[in-house]
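In what follows, chains carry the letters A, B, and so on, assigned in the order in which the sequence lines appear, proteins first and then strands, with residues in each chain numbered from 1.
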Number of protein chains: 2
Amino acid sequence: MKKINKSRYAILGMLFDKPRSGYSIKSNMLESTSRFWQESDASIYPMLKTLEAEGKVTSKNEFVGKRAKKMFEITQTGKDEFLAWMALPAESETHRDELLLKLFFGANTTPDETIKQLRLKLQQSQKKRAQLTIVQIDTLAQIPDTHTHKLFWEMALKNGLMHYDAQINWLIDSINCLENKFGGKNGNKN
Amino acid sequence: MKKINKSRYAILGMLFDKPRSGYSIKSNMLESTSRFWQESDASIYPMLKTLEAEGKVTSKNEFVGKRAKKMFEITQTGKDEFLAWMALPAESETHRDELLLKLFFGANTTPDETIKQLRLKLQQSQKKRAQLTIVQIDTLAQIPDTHTHKLFWEMALKNGLMHYDAQINWLIDSINCLENKFGGKNGNKN
DNA sequence: TTGAACATGTAAACGGTTACATGATTTA
DNA sequence: TAAATCATGTAACCGTTTACATGTTCAA
């Protein structure tokens with residue numbers, strides 16, 4: 001089965017409700033979908049161009065204050081394509097996790113190195129979880145319940161919280177396990 | 001920062017303990033690391049060639065019964081490179097999850113379609129979790145505790161179980177949430 | 001005897017990222 | 001006035017996947 005470009009759907013989805021500029025799509029995704037979906041700068045602008053050539057979006061130049069923006073609007077054809085994709089079963093992601101690979105090969109190095117990797121990941125996960133709760137309080141909680149997107153955005157955010165919680169618990173267990181087995185140095189808390 | 005080929009480390013890691021053929025690496029990874037790391041057929045053979053040209057592995061043709069195999073053995077230089085990578089902090093994976101993207105855009109389609117997506121994922125997650133417990137019982141449990149890799153393989157497997165458990169709970173919660181809110185059709189259990 | 005598993009590869013296309021490039025406007 | 005943010009793009013590279021290609025051996 002031929003692999004197809006999924007970026008287009010993310011972009012069409014971001015345009016579904018209202019017209020946006022490329023920059024707006026980019027920054028919006030950064031603060032909303034980045035945990036499970038990100039687009040690099042260099043993928044959004046060319047894709048918008050392609051979508052316009054295909055008639056899936058239209059563009060017009062606008063001025064917001066003194067700033068020039070190229071605003072893109074989704075067409076009916078674009079909506080049709082987006083909705084057709086939405087109806088398709090979600091393909092399971094192929095996921096590469098370097099930490100788990102290093103853990104899998106842990107016997108080939110010292111336990112201390114693996115513990116170090118796990119501790120670093122623990123720090124990162126705790127930080128990311130904290131950032132997510134900030135989004136929850138500062139952004140999501142401000143949206144009125146009548147907003148049609150709110151429920152779905154909440155569910156996606158809950159997925160993140162649950163993911164980090166489970167990950168953090170597993171990391172703590174794993175670190176303890178290694179330290180008990182190999183007499184981990186408690187001084188090495190960096 | 002330039003993105004570098006990580007496949008090489010996975011392959012060097014698989015060769016660290018004992019010589020293997022390309023096919024053996026492939027099938028071995030399929031049953032051990034595939035949840036968090038996979039290599040396609042077309043990446044292993046060329047990479048082995050590259051590694052050999054770099055002096056990281058050596059090869060010789062062997063016969064196992066009547067079957068010809070090209071067995072690859074890691075060199076000291078190869079081990080050095082692998083260990084240097086192991087000591088590097090694990091880079092955080094960029095992860096694309098199509099289900100979460102569709103959920104995020106759920107307000108643009110009918111709740112029923114989103115529920116369908118979540119139900120499908122629930123089935124898949126339950127199936128994958130079951131497969132993992134089979135690996136745990138049939139494969140991991142058979143390995144003697146003295147085997148240096150066992151502890152690490154167990155931790156990686158536990159990560160999978162915890163991941164699926166959390167995911168399954170979240171899916172059930174989310175499905176219930178949507179059904180309560182939108183009066184989900186209970187007949188639609190496919 | 002037929003299909004599954006073993007076994008090894010190549011070529012081309014594709015998607016995505018990195019690095020490069022530029023410039024305006026707002027805020028500290 | 002300097003830095004951060006807004007704003008839009010291109011070119012080249014690289015890693016990965018898909019499709020193609022071939023042949024053997026073992027078990028049902």
Side-chain angles (χ1 to χ4, degrees), chain A residues 1-11 14 19-31 33-34 36-53 57 59-72 85 91-98 101, chain B residues 1-11 14 19-31 33-34 36-53 57 59-72 85 91-98 101:
Chain A
M1 186 175 28
K2 199 160 154 277
K3 195 181 170 183
I4 61 147
N5 189 336
K6 300 273 169 61
S7 298
R8 59 193 305 115
Y9 303 115
I11 291 171
M14 295 303 286
R20 284 177 194 279
S21 67
Y23 188 84
S24 160
I25 291 172
K26 194 188 75 172
S27 45
N28 208 288
M29 290 187 83
L30 197 66
E31 44 186 59
T33 68
S34 59
F36 51 85
W37 201 276
Q38 60 275 303
E39 298 289 342
S40 69
D41 301 25
S43 67
I44 290 175
Y45 294 111
M47 181 52 74
L48 282 166
K49 217 174 184 176
T50 306
L51 289 170
E52 192 171 14
V57 302
S59 75
K60 59 180 164 190
N61 292 309
E62 270 182 27
F63 279 84
V64 179
K66 286 182 178 177
R67 261 185 220 284
K69 285 186 185 196
K70 197 172 179 183
M71 298 296 276
F72 291 89
W85 168 75
E91 278 174 47
S92 56
E93 64 279 19
T94 55
H95 184 187
R96 281 187 159 191
D97 188 325
E98 215 180 325
L101 188 64
Chain B
M1 185 178 21
K2 198 158 153 280
K3 193 181 169 183
I4 60 145
N5 188 337
K6 301 271 169 64
S7 298
R8 59 192 308 115
Y9 303 115
I11 291 169
M14 295 303 288
R20 283 177 195 279
S21 66
Y23 188 84
S24 159
I25 292 172
K26 194 187 75 172
S27 46
N28 208 288
M29 289 187 83
L30 197 67
E31 46 185 59
T33 67
S34 60
F36 50 85
W37 202 275
Q38 61 276 303
E39 299 289 341
S40 69
D41 302 26
S43 67
I44 291 177
Y45 294 111
M47 181 52 74
L48 282 167
K49 216 172 183 177
T50 305
L51 289 170
E52 191 170 17
V57 302
S59 75
K60 60 181 162 188
N61 292 310
E62 270 182 28
F63 279 85
V64 178
K66 286 182 179 178
R67 260 186 221 285
K69 286 187 185 194
K70 199 173 177 182
M71 299 296 276
F72 290 88
W85 169 75
E91 279 175 46
S92 56
E93 64 279 19
T94 55
H95 184 189
R96 283 188 159 189
D97 188 326
E98 217 181 324
L101 189 64

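When the P atom of D/dC14 is taken as reference, atom CZ of B/Arg8 falls 13 Å away, rounded to whole Å. Rounded to whole angstrom, the span from the CD atom of A/Glu31 across to the C1' atom of D/dT5 amounts to 13 Å. Protein atom NZ of A/Lys6 is 14 Å distant from nucleotide atom P of C/dT17, rounded to whole Å. Atom-to-atom, CD1 of B/Ile44 to P of D/dG15 comes out at 16 Å; the value is rounded to the nearest Å. Summarising the geometry, the separation between CZ on A/Arg96 and C1' on D/dG15 is reported as 8 Å, rounded to the nearest angstrom. One can place CG of B/Leu48 at 16 Å from C1' of D/dT16, the figure rounded to the nearest angstrom. Between the P atom of C/dT8 and the CZ atom of B/Arg20 lies a distance of 13 Å, rounded to the nearest Å. Per the geometry, CE belonging to A/Met29 stands 11 Å off P belonging to C/dG16, to the nearest Å.
Each of B/Val64 and A/Gly65 has a nearest nucleotide on DNA chain C; the 5'-most of these lies closest to B/Val64. In this structure, A/Met47 and B/Phe72 both approach DNA chain C, and ranking their closest nucleotides by distance from the 5' end singles out B/Phe72.
The shortest distance between the side-chain N/O atoms of A/Ser7 and the OP1/OP2 oxygens of C/dG16 is below 4.0 Å. Between B/Asn5 and D/dT16 there is a side-chain polar atom (N or O) within less than 4.0 angstrom of OP1 or OP2. The side chain of A/Ser21 contributes an N or O atom lying less than 4.0 Å from OP1 or OP2 of D/dT8. For C/dT10, one of the phosphate oxygens OP1 or OP2 lies less than 4.0 angstrom from a side-chain nitrogen or oxygen of B/Lys49.
When every heavy atom of A/Ser7 is checked against every heavy atom of B/Arg96, the shortest pair comes out as OG-NH2, 3.4 Å. Of all the heavy atoms in A/Ala68 and A/Phe63, the pair that sits closest is CB-CE2, 3.7 Å.
Listed candidates were C/dC6, D/dT8, D/dT18. Nearest to the side chain of B/Ser40 is D/dT18. Of all nucleotides listed (D/dT8, D/dT17, C/dT8), C/dT8 comes nearest to the side chain of B/Lys69. Between D/dT17, C/dT8, D/dT10, one nucleotide has an atom nearer to the side chain of B/Lys70 than all others, and that is C/dT8. Of the candidate nucleotides C/dT18, C/dA7, D/dA7, C/dA7 has the atom lying nearest to any side-chain atom of B/Tyr45.
Rounded to the nearest 0.5 angstrom, B/Lys26 NZ and B/Ser34 OG are separated by 13.0 Å. Interatomic distance, CG of A/Asp41 versus CG of A/Leu30, reported as 9.0 Å (0.5 Å rounding).
By the salt bridge (Lys or Arg N to Asp or Glu O under 4.0 Å) test, B/Arg8 pairs with B/Glu54, B/Glu81, sequence neighbours left out. With sequence neighbours excluded, no residue forms a side chain to side chain donor-acceptor pair (under 3.5 Å) with B/Lys69. With sequence neighbours excluded, the residues that form a ring-ring contact (aromatic ring centres under 6.0 Å, His included) with B/Tyr9 are B/Trp85.
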Less than 3.5 Å apart, which donor and acceptor atoms pair up between the side chains of residues 46-53 of chain A and the rest of the protein, not counting sequence neighbours?
| unit_1 | atom_1 | unit_2 | atom_2 | d |
| --- | --- | --- | --- | --- |
| A/Thr50 | OG1 | A/Pro46 | O | 3.0 |
| A/Glu52 | OE2 | A/Ser59 | N | 3.4 |
| A/Glu52 | OE2 | A/Ser59 | OG | 2.7 |

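You'll find the side chain of B/Ser27 stays beyond 4.5 Å of the side chain of B/Arg20, heavy atoms only.
One end of the helix from C/dT1-D/dA28 to C/dA28-D/dT1 points its axis 40° away from the other end's axis, with each axis taken from 5 pairs and the angle rounded to 10°.
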Would you tabulate the nitrogen or oxygen pairs shorter than 3.5 Å linking the protein to nucleotides 21-24 of chain D?
| unit_1 | atom_1 | unit_2 | atom_2 | d |
| --- | --- | --- | --- | --- |
| D/dT24 | O2 | B/Arg67 | NH1 | 3.3 |

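With respect to the salt-bridge test (charged N to carboxylate O, under 4.0 angstrom), the residues B/Lys6 and B/Glu39 do not qualify.
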